[in-house]
Every structure is written in structure tokens, then in C-alpha cells.
Amino acid sequence: MPELPEVETTKRGISPHVLGKKITKVIVRESRFRWPISPELQAQVEGYTVRTIERRAKYLLFGLDHGYFMLHLGMSGSLFITKQSNPVQKHDHVEFYLPNKLSLRFNDPRRFGSLLWVGSSPHEHELLLRLGPEPFANEFNGDWLFKKSRGKKCAVKNYIMDNHTVVGVGNIYANEALFLSGIRPGKAARRISRAQYNSLATIIVDVLNASIDMGGTTLKDFVGGDGKPGYFQQTLQVYGRANKPCRTCQSPIKLIRLGQRSTYYCPQCQN
DNA sequence: ACGAAGCCCTGCAAGC
DNA sequence: TGCTTGCAGGGCTTCG
């Protein structure tokens with residue numbers, strides 16, 4: 001389940017091997033993804049050079065001279081550089097041949113990911129057009145969270161996981177950030193104070209940044225490796241810790257479901 | 001406009 | 001041991 005830090009880490013990991021390189025061949029072994037991979041993609045990409053790689057939310061945008069293709073890792077996707085001669089593993093669904101007998105491979109067991117040709121204005125694409133701000137953008141702060149939340153009855157956890165509020169906050173980081181902010185996840189978004197949103201916004205940015213920094217330590221393993229997710233290396237405070245003692249107060253961590261997602265919190269520390 | 005639920009899919013763990 | 005069942009989850013889509 002790649003969260004934003006893994007997508008950013010992936011981008012940084014593959015960039016040196018992909019930027020300025022010509023994609024000589026595209027092999028689609030499985031086209032059934034979130035949306036089927038169109039034959040157009042292969043035709044548009046083969047023989048062209050990658051000029052830019054951007055991340056928007058959890059999407060990666062690959063810029064060629066005549067347009068962009070966009071890739072999402074879904075829940076189980078990974079993207080890595082490998083030698084063309086290395087055996088194709090299960091779920092290595094798409095392969096981009098690069099110079100020097102290297103390849104960029106897209107592996108995705110659950111196929112919740114996507115790969116789309118989006119033409120010359122990717123940011124105008126339907127999937128990106130109405131997304132909220134990046135967490136690292138200036139416009140994302142406590143003030144934004146507070147103002148946008150007025151009148152919203154939904155749980156604050158669902159609110160911060162909504163891509164219209166801010167992008168890139170997945171289930172794990174939503175749980176962790178709410179714990180670190182002392183906010184109970186089921187509380188209505190409109191009932192959170194400005195001060196609490198200031199704290200929450202800062203913590204979201206800090207947690208994502210820390211995770212990207214840790215992810216960066218695995219970059220050297222990207223050739224032939226898989227880029228270990230950053231969050232496995234950090235100590236999770238509540239996520240996956242149902243009934244275990246809170247690291248702060250020893251109270252058992254509670255597990256509930258909000259918006260069909262596992263939600264963990266400390267009933268003592270979060271109000 | 002909002003919010004909740006449904007759906008896509010495979011791997012893994014638990015239960016029998 | 002080998003089956004069946006349930007759960008996990010990002011995010012688009014549909015329904016109320």
C-alpha cells in the first residue's frame with residue numbers, strides 16, 4: 001500500500017535511470033488494471049524519451065516530448081529498475097525497455113493501479129483537475145483545513161483522507177497524524193478548532209517528510225530492488241496496534257471502522 | 001452538495 | 001494438509 005512517501009521515494013529512485021532515456025519498447029503482459037491499458041499508450045510511448053517525472057498526489061507523471069503518461073501504484077503496485085535479463089516475476093505486468101539493457105518494471109498483484117496516456121495537459125485531466133493541494137504546498141495549512149471544514153459533519157479522519165481536502169494522506173498516516181495531534185478520529189470535522197487544525201496540518205507535513213527522508217535511505221537499492229516502504233522503518237504509534245498499550249499512557253488502543261477503513265486511536269490521549 | 005456505500009483484486013491469516 | 005472464508009485497502013463511481 002504505497003502512501004505518498006513511497007510514491008515520492010519511487011520517483012526519486014527511478015529518476016536517474018529514466019530521465020533523458022529513450023523508452024525503446026513497451027511490453028504489456030496484463031492490461032486489466034483500474035482501467036484497461038489502452039493500445040494507444042504503447043504507440044504513444046514507444047521510441048520516445050522521458051524528459052520529466054512529476055508527482056501529483058499519488059500519481060506519477062512521465063513527460064515525453066509530445067505528451068504525458070500517468071501511473072498510479074494503487075495499493076500493491078511497485079515500480080523498479082532491473083536488468084532486462086532478470087526473470088519476469090509474477091505480477092510484473094508492464095515493462096518499459098531502457099538503454100543499456102535495463103528496464104522499468106511495473107508490478108502490481110491487485111491491479112488497483114493504473115497507467116494512462118493523458119496527452120499534453122495532464123493537470124487538466126479529469127483525475128487531477130479537482131484534487132486538493134499538495135501537503136507540501138503553501139496553501140495547505142491549518143487555516144485551510146479549518147475553513148474548508150466548516151459545516152462538515154463527516155469524521156475528521158475521513159475529512160483529511162479526502163483528496164479534495166489535501167492529497168496524499170492515506171489510512172496509515174491519517175491514523176498516526178490524528179494520534180500525534182491528540183484528536184479523536186471519529187469527531188466531526190466541523191467540531192475541530194482552528195488551533196487543533198494548525199497542529200494537525202503541521203504534524204501531517206512532518207510525518208510525511210520524515211517518512212520520505214527514511215525512504216530515501218533505500219534509494220541505493222532501487223536497481224534490482226523494490227524500495228522498501230519508509231513507514232515500516234518508523235515506529236507506528238497506533239496503526240495496527242489494536243488492544244496493545246498506548247506508547248504514551250498504556251491504555252489499550254481501540255480499533256473501530258470509519259468509512260470502511262480500520263481506525264486506531266487511544267481513548268485516553270485523543271479527544 | 002454532501003456523505004455513505006459499492007466495487008475492483010490478490011495475498012495472507014484464521015478457522016475447520 | 002488442504003480447503004473455505006474473511007479481511008485488507010486507494011480511490012473512482014454510484015446511490016440516497
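Residue numbering restarts at 1 for every chain, and letters A, B, ... go by the order of the sequence lines. Values below: every heavy atom of this structure, side chains too, minus hydrogens, waters and symmetry copies.
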Worksheet entry | From dG10(C), dA8(C), dA5(B), nucleotide with atom closest to Gln260(A) side chain | dA5(B)
Discussion item. What contact category does Leu127(A) fall into here, base, sugar-phosphate, or nothing, at under 4.0 angstrom with non-hydrogen atoms?
Written reply: sugar-phosphate
Fill in: N or O in side chain of Ser262(A) less than 4.0 angstrom from dA8(C) OP1/OP2
yes
Worksheet item: Which whole-number value in Å describes the distance from Arg241(A) CZ to dA8(C) P?
Response: 18 Å
Worksheet item: Are the ring of Phe112(A) and the six-membered base ring of dG10(C) within the stacking cut-offs of under 5.5 Å and under 30°?
Response: yes
Item to complete: Using only side-chain N and O atoms of Arg261(A), determine if any of them is under 4.0 Å from OP1 or OP2 of dG10(C).
Response: yes
Response to the item:
Side-chain contact check for Lys152(A): nearest option of dC12(C), dG9(C), dG3(B) is dG3(B)
Discussion item. Please report the distance, rounded to the nearest Å, between CG in Leu4(A) and P in dG9(C).
Written reply: 18 Å
Worksheet entry | Selection from dG3(B), dT10(B), dC12(C) that lies nearest to any side-chain heavy atom of Asn163(A) | dC12(C)
Practice prompt. Would you mind reading off the distance between Asp108(A) atom CG and dC8(B) atom C1', rounded to a whole angstrom?
Written response: 11 Å
Worksheet item: Taking only side-chain nitrogens and oxygens of Lys90(A), does any of them come within less than 4.0 Å of OP1 or OP2 of dT10(B)?
Response: no
Discussion item. By the 4.0 Å heavy-atom rule, please label Arg32(A) as base, sugar-phosphate, or nothing.
Written reply: nothing
Fill in: Phosphate OP1/OP2 of dC12(C): any Tyr59(A) side-chain N/O under 4.0 Å
yes
Worksheet item: Are the ring centres of Tyr68(A) and Tyr59(A) closer than 6.0 Å?
Response: no
Worksheet entry | Any side-chain heavy-atom pair of Asn171(A) and Lys157(A) under 4.5 Å | yes
Item to complete: Would you indicate, yes or no, if dG11(C) has its OP1 or OP2 atom less than 4.0 angstrom from a side-chain nitrogen or oxygen of Lys58(A)?
Response: yes
Worksheet item: Counting only distance, no hydrogens or angles, is the base of dA8(C) paired donor-acceptor with the side chain of Arg257(A) under 3.5 Å?
Response: no
Worksheet item: Rounded to the Å, how far apart are Leu71(A) CG and dG11(C) P?
Response: 13 Å
Practice prompt. For the residue pair Ser211(A) and Tyr173(A), confirm or rule out a side-chain donor-acceptor distance under 3.5 Å.
Written response: yes
Discussion item. Using ring centroids (six-membered ring only for Trp), state whether Trp117(A) and His125(A) fall under 6.0 Å.
Written reply: no
Worksheet entry | Check ion pair Glu134(A)-Arg56(A) (N to O, under 4.0 angstrom) | yes
Worksheet item: If you check every side-chain atom of Arg111(A), which of dT10(B), dG10(C), dG3(B) has the closest atom?
Response: dT10(B)
Worksheet item: Closest to the Trp35(A) side chain: dC12(C), dA8(C), dG10(C)?
Response: dC12(C)
Worksheet item: Within this structure, what is the CG-to-C1' distance between Asp162(A) and dG11(C), rounded to whole angstrom?
Response: 10 Å
Worksheet entry | Given dG10(C), dC12(C), dG3(B), the nucleotide with the shortest approach to the side chain of Glu3(A) | dG10(C)
Worksheet entry | Interatomic distance where CG belongs to Leu115(A) and P belongs to dG10(C) [whole Å] | 21 Å
Worksheet entry | Minimum-distance nucleotide to His91(A) side chain [options: dG9(C), dT10(B), dG3(B)] | dT10(B)
Worksheet item: Passes side-chain contact (heavy atoms from CB on, under 4.5 Å), Arg34(A) versus Phe112(A)? Steps please.
Response: CA-CA 5 Å; Arg34(A) 182 76 168 77; Phe112(A) 278 19; 5.6 Å; no
Discussion item. For dA8(C) and Tyr264(A) - does any side-chain N or O of the residue sit under 4.0 Å from the phosphate oxygens OP1/OP2?
Written reply: no
Fill in: His164(A) NE2 to dG11(C) C1', straight-line distance once rounded to whole Å
10 Å
Worksheet item: Think Arg110(A) has a side-chain N or O under 4.0 angstrom from the OP1 or OP2 of dG9(C)?
Response: no
